[in-house]
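Working notes, beginning with the structure itself.
Counting starts at 1 for both ligands and their atoms, following the listed order.
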Amino acid sequence: MTGQVMFDSHVAILLDTAAGLVNVLTDGGDRGRPYTAPRADALPEAIAAVLPGEPAVSMEEALYLAGTTLKVRRVFEAMDGRRDDEAAEIVNALVISTGARPQLNRVPGEPWQVHFHGADDTLSVGWSAGFASALTLAIGSDLGGRLGVCQAKGCDRVYVDASRNAVRQFCSRSCQSRTKAAAFRARSATRPPV
Ligand SMILES: [Zn+2]
């Protein structure tokens, strides 16, 4: 993960986790195949699997995080479509609803680090506040363009572009090669026969 070169590592983890939740919890296309997100009883487990350390997630927390995730998806879509105003509006509303704030935390013997907390330290509000904070830092810097939606046909998964030159267009290597192969076939088909 080279994202740490640009984003503070804590922010990079938050953005990657946010993208991971969006991809698990939103319907659409996943690398060329239709994707249906887990529903109801399957929700807490699906969310826990994305969160670092796989914590226990209650149904109430899962529903709250699912609500946050829908908003985060809209932020990725807005930034991908260069609709920064729309993205900023959603993120600011999320900052207010979660009570997001910075706090200095320290592991004994290590330097103080900026972490983000919410109005309370429940799993759902804490992570949602973290996502809101990380998104403000991304969009409020020159790194906002790194929040993207896969350009491949049949795919709408989101990603955080950690490439050196910010050239990423796809969620995965699979989508990149599928798109390249399709473009190659299209070129070959239009070429006159020899
Ligand atoms: Zn993709």
Side-chain angles (χ1 to χ4, degrees), residues 1-7 9 11-40 42-52 54 57 62 65-88 90-91 94 127-128 130-132 134-139 141-190:
M1 173 75 205
T2 53
Q4 298 182 3
V5 173
M6 308 170 301
F7 291 110
S9 64
V11 174
I13 288 168
L14 286 167
L15 291 176
D16 281 341
T17 306
L21 277 184
V22 167
N23 289 339
V24 166
L25 297 185
T26 55
D27 293 343
D30 183 358
R31 285 164 284 174
R33 292 196 183 87
Y35 178 82
T36 307
R39 299 278 197 277
L43 207 51
E45 204 176 318
I47 290 174
V50 178
L51 298 179
E54 293 197 38
V57 178
L65 278 167
T68 300
T69 302
L70 288 179
K71 291 170 191 156
V72 172
R73 163 136 207 128
R74 285 173 52 213
V75 173
F76 272 83
E77 286 174 347
M79 290 307 290
D80 190 71
R82 298 178 192 277
R83 301 188 307 278
D84 300 21
D85 293 355
E86 185 186 329
I90 301 165
V91 172
L94 206 52
W127 275 104
S128 297
F131 298 153
L135 289 168
T136 64
L137 291 171
I139 295 167
S141 70
D142 57 356
L143 299 172
R146 290 176 174 268
L147 306 177
V149 180
C150 185
Q151 298 301 305
K153 206 175 164 197
C155 188
D156 62 2
R157 304 294 90 181
V158 303
Y159 60 84
V160 180
D161 183 355
S163 68
R164 189 184 300 248
N165 303 318
V167 291
R168 188 163 162 187
Q169 291 181 290
F170 304 103
C171 72
S172 58
R173 205 157 282 178
S174 144
C175 278
Q176 184 177 23
S177 44
R178 205 154 35 80
T179 305
K180 272 188 183 167
F184 179 77
R185 279 196 302 275
R187 275 198 305 274
S188 308
T190 54

Checklist line | Leu25 and its side-chain contact (heavy atoms from CB on, under 4.5 Å) partner, picked from Leu70, Thr69, Thr68 | finding: Thr69
Item checked: Residue pair Thr17, Leu51: steps toward the side-chain contact (heavy atoms from CB on, under 4.5 Å) verdict -> CA-CA 7 Å; Thr17 306; Leu51 298 179; 3.8 Å; yes
Next item on the list: Check whether more than 12 heavy atoms from other residues, nucleotides or ligands sit under 6.0 Å from atom CZ of Arg31, and answer yes or no.
Entry: no
Item checked: Listed protein N/O/S atoms, distance to the Zn ion (ligand 1) under 2.8 Å -> Cys150 SG, Cys155 SG, Cys171 SG, Cys175 SG
Note to self: Could you tell me if Asn165 and Ser163 have a donor-acceptor pair between their side chains, going purely by distance under 3.5 Å?
What the structure shows: no
Note to self: Between the side chains of Asp27 and Arg73, is the shortest nitrogen-to-carboxylate-oxygen separation below 4.0 Å, so that they form an ion pair?
What the structure shows: no
Next item on the list: May I have the step-by-step check of side-chain contact (heavy atoms from CB on, under 4.5 Å) for Phe131 and Lys71, ending in yes or no?
Entry: CA-CA 10 Å; Phe131 298 153; Lys71 291 170 191 156; over 6 Å; no
